[in-house]
Amino acid sequence: MAEFIATEGFGGAGEQGEARVFEAVKAAYAGEEALGFWRYPLRTNETMREPDILVADPELGLVIIEVKSLPLDIIGSVSGYRWDLSRPYYGKMHLNPYEQARKQAQVLGELAVRKSGLTGLATRAIVAAPLISREEWDGRFGHLLSDVPMLFSDQLTPAKLRRALEQTPPVRYGEPLSDEDWLSLRRALGTSGSVPKRQVRHLQAPLESRRKIDLIARTARHLHAFDLQQELIAKTIPPGPQRIRGIAGSGKTVLLAQKAANMHLRHPDWNIALVFFSRALYDQIKFQVDHWLRQATNGEVTLQHAQHRLRVLHAWGSKDQPGFYRTLAAQVGVHPLTVDNTPNASPTAKLLYACKALLDDAKATGRSLQIFDAVLIDEGQDLVHEEVALTFEEKQAFYWMAYQSLRPVARDALFDSGEPEARRLIWAYDEAQSLDSLTIPSTRSLFGEAGAQIFGAGVTYKGGIRKSEIMNRCYRTPGPVLLAAHALGMGLLRTEGMLAGLTNQRDWKAIGYDVEGQFRSGNEVTLTRSAENSPNPLSQFTEDPLVTFSDYPDRRAELQALIASLQHDLSEGGLQPSRHLLIVVPGLEWQPYNLQREVFQAMRAAGISVYLPGNKDVNVPKQKWPNTDPNGFWRDGAITVSPIMQAKGNEADVVYVVGLDHIAAQEDSIKLRNQLFVGISRSRGWVHLSSAGMSSSPLKNEIERVIASGSTLRFTYRQPKRQLDDMD
């Protein structure tokens, strides 16, 4: 079926004609196979601007439509592809619309061929004049033998429009696409076809091999289908706030990076901030933004070129690295608070204390925070807190600071939609990954009574861009692993009943589960993770369980077993230490750091190279400044051992979660359960859970029951302590 995406709401100067043509194209392809974009992200020095309208058609290939909404009397003369004008049109006295469309078709066609391998892909270019009829044009220029393919106002009916496109001469000749080639073209134009490819050795491994490295290689070769929701999130620019709720592994970080890059290319004069919580994500996010800038410009624009306008900022920042809070403190003219001069509390609480103080200072001095045109927030669940003292006028301090840092969207950009004053604050979160707070970053919890005014009425903006998106497809973690993560993170199989979770079928289905049963106390509910929403195919390639659990009599025995398993992965499994393997340690306060030290010592005694996140060097205990790398998470040739908090946002093919007895000691702690969820969901493949001295713990029995459930989980519903339902 036809899918069309308007990447930004219509309403700017000259866009009424584009809107008319775009709607006509949509009507012409209704009920048929096609993929269309208004302003597809493609901007190079050669093409200068994005294509007005791009249509991908399995019969015609790629069609670029350049729209010129000008009346006939402006065109003084036509010579070949050139139009000389009788008066200025947006400051120009001559136009070459077909040559512009032809170059765009050529560049986009080359990009699509490179991504898809479709050497027989056809491309076409045509100029649309929605204010001029065919009769009017022929009456003025019909005597000319023009080579410019044209689409006139009286050809915007479905039949006439399709005929005009079919009769457009190709810029690049090709053949109609097979079903398989059509899917390849859709992937090439979409996010999934442009995500940086993993470099995995042994790509030609025999299919019968069961070594982990070979199974990983087979999985890495698997191509994801075109995902319309990904395109709507990554390629659209809302004229106001937008909330993105996504499960672990759904690609939130990738999509926000792409969205930020597209915003910059569309509006290079905007000041844009992409903000995140975990410093270990710095390099990953900068890499992603740079990648998407290059993708959309054929390599001509990089993050280095764009960073004067597009800022990748840690939520707090430090003296040697700019951050969002510190940037705004400088704007207000106050000395920024540091970790050392805030009250003793969690990292989130310390940051929010500083944000509240900054808001108080700005209010007292009357100084404006407005310096950005768009702020995008990743890891939004880690920037809220339930402590009332950390809020500002009943609003979450960090989010209100971010909102206040935004300039209001110009009224003409709201397209007379009746929306209240709007600011482009876009935040993504997964409440199940919150490690410090039980607050869910819904609009209501962030802004209180002001939330309704901030978002305005309705669920979409004029033009169709949604104000809220829920991402239910997990690309990273295999279905059975994600099901286990949710089950253990929420305590669905606890004897005393679930600790946290969703309490209705609608919300479970919204995050990608098939559901049977009614959510009434005492009723049995059945959850199944659908293959469509968990496209990682690893479970199809091996009969071995992807999630295992072992309990040992003491820590020494647990660590000995860990060493043996790591050595097996490195030798027989063929895995590399860094990025293939990850060890995470749960616990509260100093527990994870003590366990991290024990794991480090055991691995070094066995001759295995180890990296502790934040260190400058490998194979050394936790280092202190200046021998630190606050952004560091991986080192080539070494296995990372990390507390859960630092592991957030990272992933590996095999994840070891050790020391589950720390969770068993307080198995009803929702924060510890969230740690367990985050640890398990870091995996692209296998998860090994282990503990010491947990034989009499109810958590041991619960874990074993979850693993035995396989791909279908049945539990008795009881009202949870923490409801994760979507309240917006």
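Note that these values count all heavy atoms, side chains included, but never hydrogens, waters or copies made by symmetry.
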Return all side-chain donor-acceptor pairs below 3.5 angstrom for residues 23-31, not counting sequence neighbours, or 'none' if the list is empty.
unit_1	atom_1	unit_2	atom_2	d
Glu23	OE2	Lys26	NZ	3.4
Tyr29	OH	Asp57	OD2	2.6

Any donor-acceptor pair under 3.5 Å linking the side-chain atoms of Arg20 with those of Ser69? no

Here the pair of heavy atoms bringing Ala257 nearest to Leu274 is CA-CD2, 4.0 Å

Going by atom types only, do Asp378 and Thr253 share a side-chain donor-acceptor pair under 3.5 Å? yes

Donor-acceptor pair, side chain of Tyr399 and main chain of Gly380, under 3.5 angstrom: yes

Heavy-atom pair of closest approach, residues Tyr475 and Pro535: CD2-CG, 3.5 Å

Side chain to side chain contact (heavy atoms under 4.5 Å, CB included) assessment of Val63 paired with Ile53: CA-CA 8 Å; Val63 182; Ile53 298 171; over 6 Å; no

How long is the gap from CG on Leu189 to OG on Ser116, to the nearest 0.5 Å? 8.0 Å

In the structure I gave you, are the side-chain heavy atoms of Leu42 and Asn298 within less than 4.5 Å of one another anywhere? no

Please tell me whether Phe447 and Phe455 form a close aromatic pair, meaning their ring centres lie under 6.0 Å apart. no

Does a side-chain heavy-atom distance below 4.5 Å link Leu255 with Gln229? no

Would you say the side chain of Ser86 lies within less than 4.5 Å of the side chain of Asp73, judging by non-hydrogen atoms? no

Is there side-chain contact between Leu232 and Arg466, with heavy atoms separated by less than 4.5 Å? no

Kindly compute the distance separating CG (Leu425) from CZ (Phe372), expressed to the nearest 0.5 Å. 12.0 Å

Given side chains that start at C-beta, do those of Gln288 and Pro196 come closer than 4.5 Å, heavy atoms only? yes

For the pair Phe4 and Phe22, name the ring-plane relationship: parallel under 30°, tilted 30 to 60°, perpendicular over 60°. perpendicular

Distance-only side-chain donor-acceptor flag, Gln404 / Lys363, under 3.5 Å: no

Spacing of Ile470 atom CD1 and Ile244 atom CD1 [to the nearest 0.5 Å]: 11.5 Å

Give the intermediate values and the outcome of side chain to side chain contact (heavy atoms under 4.5 Å, CB included) for residues Trp38 and Val21. CA-CA 10 Å; Trp38 178 73; Val21 176; over 6 Å; no

Hey, are the side chains of Leu265 and Pro41 touching, using non-hydrogen atoms and a 4.5 Å cut-off? no

Check Lys235, His267, Arg39 against Glu8 for a side-chain hydrogen bond (donor to acceptor under 3.5 Å, both in side chains) and give me the one that passes. His267

To the nearest 0.5 Å, tell me how far Tyr325 OH sits from Ser405 OG. 14.0 Å

Mutual orientation of the aromatic rings belonging to Phe324 and Phe398 [parallel < 30°, tilted 30-60°, perpendicular > 60°]: tilted

Under 3.5 Å donor-acceptor, Trp137 side chain and Ala129 backbone: no

Parallel, tilted or perpendicular, as decided by the 30° and 60° cut-offs, for the rings of Tyr282 and Phe276: perpendicular

Only residue of Met93, Lys68, His94 satisfying side chain to side chain contact (heavy atoms under 4.5 Å, CB included) with Trp83 is Lys68

Given the rule in the salt bridge (Lys or Arg N to Asp or Glu O under 4.0 Å) test, do Arg294 and Asp290 qualify, once you have shown the distances and angles that lead to the verdict? CA-CA 6 Å; Arg294 293 173 187 268; Asp290 184 71; 2.6 Å; yes

Derivation and outcome, side chain to side chain contact (heavy atoms under 4.5 Å, CB included), residues Leu151 and Thr168: CA-CA 10 Å; Leu151 181 66; Thr168 299; over 6 Å; no

Salt bridge (Lys or Arg N to Asp or Glu O under 4.0 Å) for Glu99 and Arg102? Distances and angles first, verdict last. CA-CA 5 Å; Glu99 180 64 10; Arg102 187 192 66 79; 2.6 Å; yes

For Tyr40 and Phe37, take the angle between the two ring planes, folded into 0 to 90°, and tell me which bin it lands in: parallel under 30, tilted 30 to 60, perpendicular over 60. perpendicular

Residue pair Glu66 / Pro97: nearest heavy atoms and the distance that separates them: CG-O, 3.8 Å

Indicate whether any N or O donor in one side chain lies under 3.5 Å from an N or O acceptor in the other, for Gln258 and Thr191. yes

For Asp227 and Ser192, what are the C-alpha separation, side-chain angles and deciding distance, and is it a side chain to side chain contact (heavy atoms under 4.5 Å, CB included)? CA-CA 7 Å; Asp227 187 329; Ser192 61; 5.9 Å; no

Are any of the side-chain heavy atoms of Leu183 and Asp179 separated by less than 4.5 Å? no

Distance in Å, Leu161 CG paired with Ile65 CD1, rounded so as to fall on 0.5 Å steps: 6.0 Å

How far apart are the closest heavy atoms of Leu310 and His264, and which atoms are they? CD2-CB, 4.0 Å

Applying the side chain to side chain contact (heavy atoms under 4.5 Å, CB included) test to Ile64, which of Arg124, Gln106, Gln104 qualifies? Gln104

Within the structure provided, determine whether Pro176 and Glu59 are in side-chain contact (heavy-atom separation under 4.5 Å). yes

Which distance, rounded to the nearest 0.5 Å, do you find between the CG of Leu85 and the CD1 of Ile75? 7.0 Å

Does either side chain, that of Arg243 or that of Ser468, offer a donor lying less than 3.5 Å from an acceptor on the other one? yes

Any idea which heavy atoms bring Phe226 and Arg187 closest together, and the distance? N-CG, 4.0 Å

Work out which heavy atom in Gly251 is nearest to a heavy atom in Met471; give both atom names and the distance. C-CE, 4.4 Å

